[in-house]
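Quantities reported herein were computed from a predicted structural model and do not represent experimental measurements.
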Amino acid sequence: MTTPLDSRYRLLVLSLPEDPPSLANLLTDALGLNRVDARIQIHRLPGLLKPELDRDPAERLAAQIHDAGGLATLIACDEVPDLSRPTPLHHVRCTEHALEILGLDGRPAATAGWNELALLNIGLLPLEIVHHESVDTTALHSAPGSKTSTTEVRSMRGPEAWLIAENPFRVWIIKPAEMNYEYLGDRKQTSGAANFRMLIDDIIARAKQLYLAPPARAFTGHGLSRHFEFEGDEELRENTLFHLLIRRQMQTRRGD
């Protein structure tokens with residue numbers, strides 16, 4: 001596909017320079033970021049840099065990252081898929097030929113052929129925030145009114161899956177606690193976590209060409225949780241977008 005000359009671009013950073021401070025300097029100079037924002041960007045790399053750039057500055061920054069020992073490529077903004085509005089799945093069936101999506105009435109509402117499923121990503125996300133209040137004991141002894149401070153502790157984590165289909169493009173999100181697992185029949189367990197894993201295993205077994213993003217591979221392979229832990233939905237969505245763009249680039253190189 002030909003990209004118009006006046007297109008805006010984003011940089012897909014595929015690998016980081018060996019010296020992260022050098023990348024921070026590049027981002028502050030090229031994108032006008034302050035040091036804190038530059039560090040936040042770097043923390044989420046490899047991935048897609050947020051700012052949009054004209055072609056010339058985008059190419060210069062990609063070349064500078066390459067010279068520093070990293071790797072980055074340009075993506076036209078109109079070629080970046082929108083993952084901001086995923087459709088939640090609540091009730092599905094894994095049939096012989098397709099993933100059948102059921103509506104609230106239990107009737108089929110849509111289907112996705114197994115050969116249409118393109119990418120699966122899974123992350124472990126914070127589920128619950130507990131607020132703790134502590135009393136400032138110094139203030140308690142020196143003044144009649146004590147001061148309290150509140151801290152937030154993320155106490156529980158649970159998995160969340162992102163499933164993407166191509167031709168046509170669709171994005172679904174699966175949260176274990178919101179799923180109806182009736183299709184499992186006699187295999188259904190009392191544990192929602194076990195049912196979620198069986199659903200994921202069924203999808204993978206049927207969608208032969210499905211690309212598993214590295215966090216999904218770690219999750220399904222019972223790897224270390226740090227390989228699929230995320231701070232929240234946004235970070236998991238950005239990671240999913242990153243791997244989707246990589247998959248599309250791989251397909252383009254193969255001529256698929």
Please check if [X] and [Y] belong to a single hydrophobic cluster, counting links between Ile, Leu, Val, Met, Phe, Trp and Tyr side chain heavy atoms closer than 4.5 Å.
{"X": "Met198", "Y": "Leu89", "answer": "yes"}
{"X": "Phe228", "Y": "Phe242", "answer": "no"}
{"X": "Ile200", "Y": "Leu119", "answer": "no"}
{"X": "Tyr211", "Y": "Ile174", "answer": "no"}
{"X": "Leu117", "Y": "Leu120", "answer": "yes"}

Problem set entry | Candidate pair Leu244 and Trp162, rule side chain to side chain contact (heavy atoms under 4.5 Å, CB included), full reasoning | CA-CA 11 Å; Leu244 177 61; Trp162 285 65; over 6 Å; no
With a 4.5 Å cut-off on side-chain heavy atoms, are [Y] and [X] touching?
{"X": "Ile40", "Y": "Leu33", "answer": "no"}
{"X": "Tyr183", "Y": "His91", "answer": "no"}
{"X": "Leu102", "Y": "Arg93", "answer": "yes"}
{"X": "Leu49", "Y": "Arg10", "answer": "no"}
{"X": "Leu199", "Y": "Tyr181", "answer": "yes"}
{"X": "Pro51", "Y": "Leu11", "answer": "no"}
{"X": "Ile173", "Y": "Pro88", "answer": "yes"}
{"X": "Leu14", "Y": "Ile246", "answer": "yes"}

Problem set entry | Ion pair Asp202/Arg187, N-O distance below 4.0 Å |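 A salt bridge is present here (some side-chain N lies under 4.0 Å from a carboxylate O).
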Problem set entry | Ion pair Glu79/Arg248, N-O distance below 4.0 Å |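 No, this pair does not count.
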Separation between [atom1] of [X] and [atom2] of [Y], rounded to the nearest 0.5 Å:
{"X": "Asp233", "Y": "Glu238", "atom1": "CG", "atom2": "CD", "answer": "11.5 Å"}
{"X": "Trp172", "Y": "Ile164", "atom1": "CH2", "atom2": "CD1", "answer": "10.0 Å"}
{"X": "Trp114", "Y": "Leu99", "atom1": "CH2", "atom2": "CG", "answer": "4.5 Å"}
{"X": "Leu125", "Y": "Leu236", "atom1": "CG", "atom2": "CG", "answer": "5.5 Å"}
{"X": "Asn195", "Y": "Lys188", "atom1": "CG", "atom2": "NZ", "answer": "6.5 Å"}
{"X": "Thr73", "Y": "Leu48", "atom1": "OG1", "atom2": "CG", "answer": "10.5 Å"}

Exercise. Quick one: is the NZ or CZ of Arg157 closer than 6.0 Å to the six-membered ring centre of Phe230, and within 45° of its axis?
Worked result: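 No, Arg157 does not sit over the ring of Phe230.
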For this session: Show your working on side chain to side chain contact (heavy atoms under 4.5 Å, CB included) between Gln189 and Leu184 and close with a plain yes or no.
Result: CA-CA 9 Å; Gln189 306 290 312; Leu184 290 172; over 6 Å; no
For this session: Apply the test side chain to side chain contact (heavy atoms under 4.5 Å, CB included) to residues Glu234 and Arg44: give CA-CA distance (whole Å), side-chain angles for both, the deciding distance (0.1 Å), then the verdict.
Result: CA-CA 11 Å; Glu234 182 183 356; Arg44 295 191 172 180; 3.6 Å; yes
Exercise. Can you check side chain to side chain contact (heavy atoms under 4.5 Å, CB included) on Leu27 and Asp37, steps first, answer last?
Worked result: CA-CA 9 Å; Leu27 296 185; Asp37 289 339; over 6 Å; no
Problem set entry | Stepwise side chain to side chain donor-acceptor pair (under 3.5 Å) check, Arg35 with Asn25 | CA-CA 8 Å; Arg35 300 290 295 184; Asn25 292 334; 2.6 Å; yes
Problem set entry | Derivation and outcome, side chain to side chain donor-acceptor pair (under 3.5 Å), residues Gln64 and Arg60 | CA-CA 6 Å; Gln64 290 171 328; Arg60 280 197 300 273; over 6 Å; no
